[in-house]
Q: 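Sharing a structure below in structure tokens format, with a few things to ask.
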There are 2 protein chains.
Amino acid sequence: MRFHRHACITRDGGLTHERRRIVNAIPTVYDVAERSGVSIATVSRVYRSPDSVRAATRERVLAAASELGYVPSGNARGLASRSTGVLGLCFPDYSDPDTVGAEDDDAAMLYSDQIIRGMERAARRHGYALLIAASLAGGPESLVAQVAGRVDGFAVMARTVPTEELEAISRRRPVVMLAGPRAQDPSLDHLDHVEVANEDGQYELTRHLVHDHGLRRLAYVGLVDDSPDVEARFRGFRRACVEAGVEAGVEASVAPALRMPMMTQAEGARAARLLCEGSGERPEAFVFANDQMAVGALQELERRGLRVPDDVVVTGFDGIPLSRMVRPALTTVRQPMVRMGEEAVDLLVQRLSGRPPQEPVSLMLPVSVARRASCGCEETTVLPTVV
Amino acid sequence: MRFHRHACITRDGGLTHERRRIVNAIPTVYDVAERSGVSIATVSRVYRSPDSVRAATRERVLAAASELGYVPSGNARGLASRSTGVLGLCFPDYSDPDTVGAEDDDAAMLYSDQIIRGMERAARRHGYALLIAASLAGGPESLVAQVAGRVDGFAVMARTVPTEELEAISRRRPVVMLAGPRAQDPSLDHLDHVEVANEDGQYELTRHLVHDHGLRRLAYVGLVDDSPDVEARFRGFRRACVEAGVEAGVEASVAPALRMPMMTQAEGARAARLLCEGSGERPEAFVFANDQMAVGALQELERRGLRVPDDVVVTGFDGIPLSRMVRPALTTVRQPMVRMGEEAVDLLVQRLSGRPPQEPVSLMLPVSVARRASCGCEETTVLPTVV
DNA sequence: GTGAAAGCGCTAACAG
DNA sequence: CTGTTAGCGCTTTCAC
């Protein structure tokens, strides 16, 4: 038989509560119940379904709770009700030993920041809080496992959680994958998935360069081997080139030297240098797989006295705020990251709502090409019209 | 007597586990224990203190856990161990009905973003995850209460949580206040506190304008009534003015019209308009209480054909990324927001470490004045050297 | 090194 | 509308 507080009083002469008060311990339902002269069930009801309690009783309980400084234990609640009211997000650990405290690091994190923002906003709308953690080394006691064990639903950015761990987690709770390709692995093909139209976006942008600006020699920079997103972008680039009959440029563009390992501004600058000093003719356009690199290239080109877009066209991908701020403003493909976070939450909430479980959902969010000055579509102004 | 799983087996003919497996329910310690032929205590030990279990046993347990897809329940853990491994943050709800989806909203949130980033990073270092929630309407079932009941420690941005609620929370768990003034309220004076040197920063900046640039007519914009941070900045501004003997300018600057309710770009533009069209002589410098407004003013001034800094000097406060991107780059006071988040976590972790409880700590983080083009200290370049 | 058993604080039937 | 009671899944003494 469990010794409830009531039993304790009989058992140890009622000292329990005295001691509690003296050491200023954390008040529980039992304390509130006793102080307001009701049962713990009623205290619970006051919080869970206030309308099911008579107004006078409710007042009394609330008063006692307030006097005691009572805050319900989320753990006990979660354990008893089998739900936490918390959604989780696991994102890549961007902390780069080389860039501790550097601004570049800041920019790199914008991607996760936006997703966090979107998820937080949507979660709030549904009454959920958001638990976030960067993925670190795995293992039984990893932060990821910690988080996974405390949430009702879990969003995971691509390649941040090992397949096996993810499989276990998804057995417990709904999981949605963010970015990356739809999991091919059969053990994960039941997961919902949200991605952006990487290939189509890069295709549209490239087509714009080839078709509208008449460019023929394009170089693509940023084919990181293990990033499916970048792979998809490259496919889009290639498709547009092939359609326009500019294959040669394509082949030249995937020289190993241009597989940037980090996709940082520094790497973008390096790529621009290589492209300018290369043996063959300089490409007419540098097509970067992200904005970071493109911005780095912009700087390198300025250093070399080359004008953008007159001497060479530069484009990025992502549509980070910075892309609009640099001069010339960067032509790029805008990804709706905030919306991605929101969609992820909506998907999770839907699964949690207990409606008839449906087939795994895979959303592909549309992107939009922002035609700005760096491809020659917009005048270069001195002061950006922000807002 | 509690019916443990063992008892259940006797009780219902061992169906419990069968059913569990069939409905693919969430595996628990009991399942892992049974499958690996040990007691639940041992399963627990494998996770909590692996070294206290014989290697062979450990392997067996881990294997079973993996086959079952076992993930420990954070709730049960937290309840039993009285700690969650999670820190919380409550920040203001910036969502403005007027700016849904607008870019301005984005910029406004940068402040919280940075703090989130700092806290996440520091929390991770200490093995904690971060639970975040914007403050909404209070009440017993508010998100804030939800969060407070699930964390080991709680950081709260100024004026996001009602005093009474905060008092209750701080009785349970360590709380650190971010920004704002040190709580004057005696019920909250035991809280740790982290702020930045608002007054000194604005003083330095103003002194720079008066002393180094010889400006005499300064207008201050942004005295929101209930923001202690802005109040402090204004005090710094006034002190510098008084010291330099330019009181008149000060008085004029606090006209009610210039008490901006929102501190947005739009408001900054409006303030610039008022200042330009005002009856008296136009001030030589517009000193804004944040970067947002200053950027708005920059745009309004360009619209009116006024050159910055030649015709009028403009300064901001915060040092958001945008301040460096606009042309002319904004002279401003940089606040170390990321560091603020990190300090908050360090403070919480220290309190949680169980060391001899010390006096409440109040940190005032130093700021630095970024002298850029908008006050005439730096050349206006076309392409910002980002990085 | 391992097991048995007592809760952690709350929710959710189920009675009344 | 309110009280009783049996757990939720795990950690943690205390024995062996």
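Quantities reported herein were computed from a predicted structural model and do not represent experimental measurements. In what follows, chains carry the letters A, B, and so on, assigned in the order in which the sequence lines appear, proteins first and then strands, with residues in each chain numbered from 1.
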Q: Quick one: which of C:dG7, C:dG3, D:dT2 gets closest to the side chain of B:Ala80?
A: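 Out of C:dG7, C:dG3, D:dT2, the nucleotide with an atom closest to B:Ala80's side chain is C:dG7.
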Q: Find the distance A:Glu34:CD to C:dC10:C1' and express it as a whole number of Å.
A: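 In whole Å, C:dC10 C1' lies 17 Å from A:Glu34 CD.
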Q: When you check the phosphate oxygens OP1 and OP2 of C:dT11, does a side-chain N or O of A:Arg77 lie under 4.0 Å from one of them?
A: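 Answer yes for this pair, as a side-chain N or O of A:Arg77 is under 4.0 Å from OP1 or OP2.
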Q: Does the base of C:dG3 carry an N or O that pairs as donor and acceptor with the side chain of B:Arg45 under 3.5 Å?
A: yes
Q: Which is more 5' along DNA chain D, the nucleotide nearest B:Gly78 or the one nearest A:Arg58? Just name the residue.
A: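 Its nearest nucleotide lies further toward 5', so the answer is A:Arg58.
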Q: Consider the side chain of A:Ser81, meaning its heavy atoms from C-beta on, and name the nucleotide among D:dG9, C:dA12, D:dT12 that approaches it most closely.
A: C:dA12
Q: Between the side chains of B:Thr84 and A:Gln146, is a donor N or O closer than 3.5 angstrom to an acceptor N or O?
A: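 Side chains of B:Thr84 and A:Gln146: no pair found under 3.5 Å.
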Q: Please name the residue in the list B:Arg351, B:His126, B:Arg125 that meets the side chain to side chain donor-acceptor pair (under 3.5 Å) test with B:Asp346.
A: B:His126
Q: Would you please confirm or rule out a distance under 4.0 Å between OP1 or OP2 of D:dT11 and any side-chain N or O of B:Ser44?
A: yes
Q: Identify, between B:Leu79 and B:Ser52, the residue whose nearest nucleotide on DNA chain C lies closer to the 5' end.
A: B:Ser52
Q: Less than 4.0 angstrom between a side-chain N/O of B:Tyr70 and OP1 or OP2 of D:dC10, yes or no?
A: yes
Q: Aromatic contact between B:Tyr70 and B:Tyr30, with the criterion being ring centroids under 6.0 Å apart: yes or no?
A: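 Centroid separation for B:Tyr70 and B:Tyr30: 6.0 Å or greater.
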Q: Under 3.5 Å, is there any donor-acceptor pair linking the side chain of B:Tyr47 to the base of D:dC10?
A: no
Q: Whole Å only: how far is the CD atom of A:Gln146 from the C1' atom of D:dC10?
A: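 Result: 14 Å.
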Q: Could you give the CZ-to-C1' distance, from A:Arg48 to C:dC10, as a whole number of Å?
A: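 Nearest whole value for this atom pair: 10 Å.
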Q: Any side-chain N or O of A:Arg54 below 4.0 angstrom from OP1/OP2 of D:dC1?
A: no
Q: A:Ile26 CD1 to C:dC10 P: how many Å, rounded?
A: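 Whole-Å distance recorded here is 10 Å.
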Q: Rounding to a whole Å, what distance do you find between A:Arg172:CZ and D:dC10:C1'?
A: 11 Å
Q: Working to the nearest 0.5 angstrom, can you tell me the gap between A:Leu87 CG and A:Leu348 CG?
A: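 Interatomic distance, A:Leu87 CG to A:Leu348 CG, rounded to 0.5 Å: 5.5 Å.
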Q: Starting at OH of B:Tyr30 and ending at P of C:dA5, how long is that distance when rounded to a whole Å?
A: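 Atom OH in B:Tyr30 sits about 11 Å away from atom P in C:dA5.
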Q: Check the distance between C:dT2's C1' and B:Ile40's CD1 and give it to me in whole angstrom.
A: 12 Å
Q: Is any side-chain nitrogen or oxygen of B:Thr57 closer than 4.0 Å to OP1 or OP2 of C:dT2?
A: yes
Q: With a 4.0 Å cutoff (strictly under), does any side-chain N or O of B:Arg82 reach OP1 or OP2 of C:dG9?
A: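 True: B:Arg82 side-chain N/O within range (under 4.0 Å) of C:dG9 OP1/OP2.
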Q: Between the side chains of A:Asn75 and A:Arg150, is a donor N or O closer than 3.5 angstrom to an acceptor N or O?
A: yes
Q: Is there a side-chain polar atom (N or O) of A:Ser39 under 4.0 Å from OP1 or OP2 of D:dT4?
A: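 Negative; the distance criterion is not met.
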